[in-house]
Amino acid sequence: MIRYGIGSLSIRTRNKKLDLMTADRLSLPDSSWRSVYIVLNTHEIVRSPLDLYRYATQIKMPEPKFFLFGGVKPWNENAWMDTDDRVRGGESQSYLIHSADSRIASFRGNLDITALGGAGFASQRTVDPQSWDLFDWHGLRICIGDNDGKKYTLVLKDKIPQKRPDGADESTVSWEYDFVPSSNDTIVTAFWNDFKPTYRGKPKPDVAEPLHPENIKRISIMMRSHFGDQHGPFRLDLRYIAAIDFDQKAEE
């Protein structure tokens with residue numbers, strides 16, 4: 001039997017609907033996970049306890065204990081820099097602009113896909129040297145304010161790339177998680193195993209080593225064209241980026 005803290009919501013398991021408006025725990029046989037549905041705005045298939053955690057914590061969520069940016073740690077524009085496709089001859093441009101009280105950072109700019117024939121990216125990353133030991137944490141959570149509903153990418157690097165002779169970074173493996181905010185004032189949760197290895201924007205499943213959360217060297221927010229699917233102005237307001245403290249673990 002798996003027990004799982006969920007807050008208040010409705011679920012369907014097999015052909016039976018359970019209204020859990022006052023319940024704070026859910027117990028289901030292991031075999032039921034394949035047929036569980038969270039009833040939010042649409043039916044979402046839940047295949048594991050982590051999936052249930054992901055949806056449930058968007059309804060009832062404890063305050064993070066470790067803020068990397070935002071929250072109790074005000075945003076600082078000087079801790080970030082642009083890394084746009086202009087390094088490859090493109091014309092995209094991004095900015096990270098914090099509010100007057102430094103509680104919100106607005107990732108915004110313009111994604112151009114004409115200069116590179118349908119490709120393009122605009123991103124902001126943390127400046128070097130910075131480092132985070134997140135070994136005892138389980139992933140990252142982003143609290144999002146106003147946004148345009150486009151697809152964004154959270155990018156991690158656990159090694160700082162070497163410099164090329166022209167001063168640009170060598171291309172190295174990145175760990176990426178794509179997300180589309182469901183609405184304004186929403187939460188995005190990414191566990192470490194949600195981050196997929198890529199090389200120059202393409203999947204690279206044959207990496208020699210996994211992501212090392214104890215040695216995170218760079219964090220980036222990216223807007224990319226996905227080969228022509230997105231272009232033009234973009235905006236994503238960030239309230240905080242925090243590490244996940246997985247207190248509500250599934251119990252076997």
* Euclidean distance, Phe121 CZ relative to Arg200 CZ, rounded to 0.5 Å -> 9.0 Å
* Asked: For atom CD of Gln162, is the number of surrounding heavy atoms from other residues, nucleotides or ligands below 6.0 Å larger than 12?
  -> no
* Ignoring hydrogens and geometry, is there a side-chain-to-backbone donor-acceptor pair from Gln230 to Arg224 under 3.5 Å? -> yes
* Asked: Which of parallel (below 30°), tilted (30 to 60°) and perpendicular (above 60°) describes Tyr177 and Phe179?
  -> parallel
* Measure from the side-chain N and O atoms of Ser225 to the backbone N and O of Gly118, and report whether any donor-acceptor pair falls under 3.5 Å. => yes
* To do: Answer yes when Asp206 and Lys204 have at least one side-chain N-carboxylate O distance shorter than 4.0 Å, and no when they do not.
  => yes
* With a 4.0 Å cut-off, would you call Arg164 and Asp169 a salt bridge? -> no
* To do: Scan residues 75-86 for pairs that pass salt bridge (Lys or Arg N to Asp or Glu O under 4.0 Å), counting only residues two or more places apart or in two chains.
  => Asp82-Arg86, Asp84-Arg86
* To do: Answer yes or no: does atom CZ of Arg88 have more than 12 heavy-atom neighbours from other residues, nucleotides or ligands under 6.0 Å?
  => yes
* Asked: Short question: side chain of Asn110, backbone of Ser92 - any donor-acceptor pair under 3.5 Å?
  -> no
* To do: Taking Gln124 for its side chain and Thr83 for its backbone only, find out whether a donor-acceptor pair lies under 3.5 Å.
  => no
* Asked: Under 4.5 Å between side-chain heavy atoms, hopping through other hydrophobics if needed: is there a path connecting Leu111 to Leu116?
  -> no
* Given the rule in the side chain to side chain donor-acceptor pair (under 3.5 Å) test, do Thr198 and Glu176 qualify, once you have shown the distances and angles that lead to the verdict? -> CA-CA 7 Å; Thr198 65; Glu176 301 186 356; 3.0 Å; yes
* Asked: Under 3.5 Å, is there a donor-acceptor pair between the side chain of Asp245 and the main chain of Lys65?
  -> no
* Asked: Less than 4.0 Å between a side-chain N and a carboxylate O, is that true for Arg108 and Asp146?
  -> no
* Answer yes if the ring centres of Trp75 and Tyr240 are under 6.0 angstrom apart, and no otherwise. => no
* With distance as the sole test, does Trp137 use its side chain to make a donor-acceptor pair with the main-chain N or O of Pro213 at under 3.5 Å? -> no
* Check side chain to side chain donor-acceptor pair (under 3.5 Å) between Thr172 and all other residues, then give those that pass, not counting sequence neighbours. => Lys157
* Asked: side chain to side chain contact (heavy atoms under 4.5 Å, CB included) between Thr189 and Phe191: does it pass, once the steps are laid out?
  -> CA-CA 7 Å; Thr189 299; Phe191 297 97; 4.0 Å; yes
* Contacts of Asp133 that satisfy side-chain contact (heavy atoms from CB on, under 4.5 Å) - sequence neighbours left out -> Phe135, Glu214
* Asked: Crowded around His231 NE2? As in, over 12 foreign heavy atoms under 6.0 Å?
  -> no
* **Trace of the side chain to side chain contact (heavy atoms under 4.5 Å, CB included) decision for Glu170 with Lys163** => CA-CA 6 Å; Glu170 293 279 3; Lys163 294 293 186 182; over 6 Å; no
* For Leu211, does its backbone N or O pair with a side-chain atom of Asp158 as donor and acceptor, under 3.5 Å? -> no
* Asn147 side-chain N/O to Ser183 backbone N/O, donor-acceptor pair under 3.5 Å -> yes
* With distance as the sole test, does Lys151 use its side chain to make a donor-acceptor pair with the main-chain N or O of His226 at under 3.5 Å? -> no
* Asked: Is there a path of hydrophobic side-chain contacts, each under 4.5 Å between heavy atoms of I, L, V, M, F, W or Y residues, that connects Leu154 with Leu68?
  -> yes
* Within the distance-only criterion (no hydrogens, no angle test), does the side chain of Ser106 pair as donor or acceptor with the backbone N or O of Asp237 below 3.5 angstrom? -> no
* Taking the six-membered ring for Trp, are the ring centroids of Phe107 and Tyr95 within less than 6.0 Å of each other? -> no
* Asked: Are the charged groups of Arg125 and Asp128 less than 4.0 angstrom apart, N to O?
  -> yes
